[in-house]
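Only this structure's heavy atoms are used, side chains among them; waters, hydrogens and symmetry mates stay out.
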Amino acid sequence: MLIIILLLAALGGGGAWYVWNGMQPVEPGQPVTFTIEKGMGSSEIADLLEENGIIRKGLFFKGYLKWVKEGSSFKAGTYTAAPGDTYDALIARLNAGDVVKKATVVFTIPEGYTARQIADKLAAAWNQKPEVFLKIIDSGAGLEAVSRLGIPEDSQLRHRLEGYLFPETYELVKESTPEQVVEAMLEQLEKKLDSVGGWQAKLKERGLSLHELLTVASLVEREVVVDRERPIVAGVIYNRLDKGQKLEIDATVQYLLDKQKERLYEKDLKVDSPYNTYKNEGLPPGPISSPGLASIKAALEPEASDYYFYVTKKDGSQGHLFGKTYKEHLANIKKSEQN
């Protein structure tokens, strides 16, 4: 009987030592990268840690998790951990989702950029050819936000997504595909629109589609520098539209040129295009640039006035002189030239 008791004690002591030893951190070593896939349970994660040599025994880690009531909040992702890390340190990291930070690309799209300028910017950031991005911008194929935003497909449009790629500073994962990059810019527009309270109701009240709103906003963006004047110029545009008067906006002609001109000549204003607001009444087929939020708000909430004309001041302020009649407009032009 004594022998049996001694044997059981020895086995118990050996078992306790075995468990204690199995729970000890392994010898310190170089960090190891491992990935926890979505849907993996704590048992699978314990086995993964053992396979990667981070812990001695997955079985004991599973038992420890049950004992401390952990493992249900582990987050998926790619992690690094070094052999020798304690159970508690591993649990804390997995609970916090302290994943390996992926390399990112940061790029900025200025307000008023055209689709071609954006394609060039994206190409430089991702070391691609501009045509790769321009093809996506022209078609919008396969992008979920295109249908949500109701972006029309019109043969008259130079670039289908012109005006819908929100100007912003972005930081995206380096592995992002060109489609994902463009999609992210469309999604940013959705977020910015939603930040404007009741924008859909205001749009309906004005009897405009989102496409028309962004077209007006893009005209304001390319015509105005001084923020306080954006709602006034938007109001001028709507006044002309309501009257059936041609918009005669220089920016629509500049949009058709390969290179921006400091001054447009008579021959430039005669270019045959549906975008030429000197030849055609109403709005152009679509936006001519990517408007910022200030221009979108101005197009959504224009300032009511009797103005039908405006001319840029030549005093360096980048502001405008506004006129109610063509006679006032001519006087403003003369006044501007004197300055």
**Q** Using a cut-off of 6.0 Å, state whether more than 12 heavy atoms not belonging to Lys129 lie near its atom NZ.
**A** no

**Q** Verify the neighbour count for atom CZ of Arg148: are there more than 12 heavy atoms of other residues, nucleotides or ligands below 6.0 Å?
**A** yes

**Q** Take atom CD in Glu171; do more than 12 heavy atoms of anything else shown fall under 6.0 Å from it?
**A**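 Atom CD in Glu171 is packed in, count exceeds 12.
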
**Q** If you measure only the distance, is there a donor-acceptor pair under 3.5 Å linking the side chains of Asp315 and Ser317?
**A** yes

**Q** Decide whether a cation-pi geometry holds between Arg240 and Phe309; the criteria are a distance under 6.0 Å from NZ or CZ to the six-membered ring centre and an angle within 45° of the ring axis.
**A**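 Output yes; distance and angle both within limits.
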
**Q** Before you tell me yes or no, could you show the steps for His159 and Asp138 under side-chain contact (heavy atoms from CB on, under 4.5 Å), namely the whole-Å CA-CA distance, both residues' side-chain angles and the distance that decides it to 0.1 Å?
**A** CA-CA 5 Å; His159 308 287; Asp138 285 348; 2.6 Å; yes

**Q** Do we see a donor-acceptor contact under 3.5 Å between the side chains of Ser218 and Ser289?
**A** no

**Q** Between Arg230 and Glu303 (salt bridge meaning N to carboxylate O under 4.0 Å), is one present in this structure?
**A** no

**Q** Is the CZ atom of Arg116 crowded by more than 12 outside heavy atoms at less than 6.0 Å?
**A** no

**Q** Could you tell me which non-hydrogen atom of Leu300 sits nearest to which non-hydrogen atom of Leu203, and how far apart they are?
**A** CD1-N, 4.0 Å

**Q** Please name the pair of heavy atoms, one in Gly282 and one in Thr277, separated by the smallest distance, quoted to 0.1 Å.
**A**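 Between these two residues, the closest heavy atoms are O-CG2, 4.2 Å.
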
**Q** Verify, without hydrogens or angle tests, whether Ser336 (side chain) and Asn332 (backbone) share a donor-acceptor contact under 3.5 angstrom.
**A**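 Side chain of Ser336 to backbone of Asn332: no pair is present.
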
**Q** For a side-chain contact (heavy atoms from CB on, under 4.5 Å) with Thr80, tell me which candidate from Val100, Val32, Asp98, Val99 qualifies.
**A**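 The side-chain contact (heavy atoms from CB on, under 4.5 Å) with Thr80 is passed solely by Val100 among Val100, Val32, Asp98, Val99.
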
**Q** Parallel, tilted or perpendicular: which describes the rings of Tyr275 and Tyr255, with under 30° parallel and over 60° perpendicular?
**A** tilted

**Q** Identify the heavy atoms of Arg222 and Gln117 that sit nearest to each other, and give their distance.
**A**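 Taking every non-hydrogen atom into account, NH1-OE1, 4.3 Å.
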
**Q** With a 4.0 Å cut-off, would you call Lys102 and Glu175 a salt bridge?
**A**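 Answer for the salt bridge query: no.
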
**Q** Give the C-alpha distance, both sets of side-chain angles, the deciding distance and a yes or no for side-chain contact (heavy atoms from CB on, under 4.5 Å) between His211 and Asp154.
**A** CA-CA 12 Å; His211 190 70; Asp154 186 342; over 6 Å; no

**Q** In terms of ring plane angle, is the pair Trp67 and Tyr64 parallel, tilted or perpendicular, where the classes change at 30° and 60°?
**A** perpendicular

**Q** Do the side chains of Arg206 and Glu212 get close enough for a salt bridge, i.e. N-O under 4.0 angstrom?
**A** no

**Q** Are side-chain N/O atoms of Glu223 and Tyr310 paired as donor and acceptor at under 3.5 Å?
**A**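 Yes.
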
**Q** Check Tyr307 against Asn239 and note the closest heavy-atom contact, atom names and distance.
**A**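 Residues Tyr307 and Asn239, closest heavy atoms: O-ND2, 2.8 Å.
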
**Q** Could you check Asn95 against Phe74 for side-chain contact (heavy atoms from CB on, under 4.5 Å), going step by step and ending with a plain yes or no?
**A** CA-CA 5 Å; Asn95 277 336; Phe74 289 169; 3.3 Å; yes

**Q** Does a salt bridge link Lys62 with Asp47, judged by any charged N lying under 4.0 Å from a carboxylate O?
**A** yes

**Q** Within a 6.0 Å radius of atom CG on Asn127, are there more than 12 heavy atoms belonging to other residues, nucleotides or ligands?
**A** no

